[in-house]
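Just below is one structure, and these are the notes that go with it.
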Amino acid sequence: MSMANRLVISNIGLLATPLGRTAAVGPAQGQISQRSGAYLVAEDGIITAQGNGQVPEALLQGARHIDAGGRLVTPGLVDAHTHLVFGGWREHELAMKRRGVPYLEILAQGGGILSTVCTTRQASEDDLVQKAGEALGEMLSLGVTTCEAKSGYGLDRQTELRQLAVIRRLGKEQPVELAATYLGAHAVPEEYKTQREDYIRLMTEEMIPLIAREGLAEFCDVFCETGVFTAAESEEILRAALAHGLKVKIHTDEIDAIGGTELAGALPAVSAEHLIAATDRGIAALAKGGTVAVLLPATSFYLGKPYARARDMIAAGVPVAVASDFNPGSCPSLNLQLAMNLACWNYHLTPEETLTAVTLNAAAAICRADRLGSLEVGKQADLVIWNAPNLDYIFYRFGQNLAKTVIKQGVVATTNR
Ligand code: IZC
Ligand code: ZN
């Protein structure tokens with residue numbers, strides 16, 4: 001056995017992790033493994049052994065050894081929903097938002113997403129790599145080891161492809177693993193305002209086939225919402241994506257319930273996102289389809305909206321994930337730890353359910369639960385050593401980064417204080 005790439009983490013105060021290779025559903029979402037006094041061993045980035053108490057001498061020889069000092073260790077966090085790549089910000093809309101102008105009203109006036117489309121079209125690939133790379137560095141220091149990233153601020157051929165190229169480059173140039181999503185259906189661009197069918201045709205006949213053929217994205221997503229894309233349009237776009245071998249996601253019920261959630265369950269989509277306004281029928285459809293509900297509590301906070309019905313979803317057998325929704329409009333925060341706090345207090349999830357929501361179930365939302373999202377033999381050694389003695393502590397404190405050491409594929413990627 002080669003020892004060159006062996007990592008041993010000893011003296012783990014509490015090793016807290018969900019278990020399994022698929023999403024945890026219903027009561028299982030809260031039934032995580034919690035072991036005191038544990039150690040973990042990884043070879044070439046894969047977990048090969050774990051145990052309790054003293055680490056056997058033979059395992060330590062030639063290994064990189066980290067003493068966790070009695071701290072909490074969890075799987076690396078998976079942020080399953082971000083709009084990572086964009087030019088500019090939208091602080092000029094703050095005063096309007098504070099006056100109570102609704103999100104969809106700002107968009108209808110040509111602001112919102114369309115404002116970020118202007119600034120993203122003007123940004124070069126290098127500008128975007130620089131900016132999104134800095135965001136990923138911050139996410140990593142907060143414990144995020146895998147991140148989904150959407151396009152959707154180009155809405156024209158060249159800028160959508162530029163965003164996807166940025167995601168591909170960053171996936172190679174920095175430690176956080178990225179999952180790319182084509183979100184051409186984020187809004188109808190100004191130049192197609194009076195010919196929306198033509199924009200839909202551009203996506204279904206040109207962009208989706210090209211992106212699938214070139215392997216530029218794994219997923220296709222649609223913003224199904226009043227004044228954006230209808231459920232029928234969303235279905236047309238997502239069926240084209242499925243026909244070309246992309247997996248599908250859908251932004252639905254963020255503001256109004258217009259049928260996107262029922263569509264998600266029927267396709268079925270891998271995940272349905274937001275779900276603030278989800279109805280009983282929508283929730284039942286997700287359970288039937290095995291679709292992961294990706295809930296975005298920091299967006300509810302920032303838009304002053306209700307919090308999604310996470311407890312009802314878990315009770316109905318829908319696997320729940322929690323993500324940041326990092327974007328320049330409805331959630332200009334990339335702090336997944338903050339989203340975890342909000343999930344605990346506003347969705348009334350337990351710390352155990354919330355941990356599953358940002359690890360195993362988040363990995364399932366991007367089709368990586370076979371490899372990521374839990375700490376057990378055979379899975380990738382992506383983990384966080386926390387400045388915390390137990391799991392409750394990271395939900396009890398809030399507003400500061402509690403991650404101490406972040407390990408990606410068996411390598412220390414970041415160390416904080
Ligand atoms: O830029 O406003 N909801 N898309 C759907 C967003 C929020 C991002 C944005
Ligand atoms: Zn989103």
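Read the numbers this way: they start at 1 and go in the same order the structure lists the ligands and their atoms. When a residue number appears, it is its place in the shown sequence, counting from 1. Please read these numbers as outputs of a predicted model, since none were measured by experiment.
Annotation: Arg90 places an N or O atom under 3.5 Å from an N or O atom of ligand 1; distance criterion only. Residue Thr116 has no nitrogen or oxygen atom sitting less than 3.5 Å from a nitrogen or oxygen atom of ligand 1, judged on distance alone. Looking at ligand 1, you'll find an N or O of His186 within less than 3.5 Å of one of its N or O atoms.
Note on ring orientation: taking the six-membered ring where Trp is involved, the planes of Tyr307 and Tyr347 are perpendicular (angle over 60°, cut-offs 30° and 60°).
Proximity of Tyr103 to ligand 1 is established by a heavy-atom distance of less than 4.0 Å. Contact annotation: Gly112 has no heavy atom less than 4.0 Å from any atom of ligand 1.
For atom 1 (O) of ligand 1, the nearest non-hydrogen atom from the set Phe86, Tyr153, Tyr302 comes from Tyr153.
Which parts of ligand 1 touch Ile113 is read off a 4.0 Å heavy-atom cut-off, strictly below it: atoms 1 (O), 2 (O), 4 (N), 9 (C). Set against the non-hydrogen atoms of Asn327, the atoms of ligand 1 under 4.0 Å away are 1 (O), 2 (O), 8 (C), 9 (C). Interface of Phe223 with ligand 1, defined as ligand atoms under 4.0 Å from a residue heavy atom, comprises 3 (N), 5 (C).
Residues passing the ring pair (Phe, Tyr, Trp, His ring centres under 6.0 Å) test with Tyr192, sequence neighbours excluded: Tyr199. Every residue two or more places apart in sequence or in another chain that forms a salt bridge (Lys or Arg N to Asp or Glu O under 4.0 Å) with Glu125 is listed here: Arg169.
Among all non-hydrogen protein atoms, the one lying nearest atom 3 (N) of ligand 1 is Glu254 OE1, 2.9 Å.
Salt-bridge annotation for Arg311 and Glu353: present, with a side-chain N of the basic residue lying under 4.0 Å from a carboxylate O of the acidic one. Salt bridge absent: Arg162 and Asp127 never bring a charged side-chain N and a carboxylate O closer than 4.0 Å. A salt bridge is defined here as a Lys NZ or Arg NE, NH1 or NH2 lying under 4.0 Å from an Asp or Glu carboxylate O, and Glu190 with Arg121 fails to meet this definition. Salt bridge Arg371/Glu177: present, at least one basic N to carboxylate O contact under 4.0 Å.
Proximity of a side-chain donor or acceptor of Lys97 to a complementary backbone N or O of Glu91 within less than 3.5 Å is not detected.
With the Zn ion (ligand 2) as vertex, His251 NE2 and His81 NE2 subtend 100°, rounded to 10°. Rounded to 10 degrees, the OD1-metal-NE2 angle spanning Asp325 and His83 at the Zn ion (ligand 2) equals 90°.
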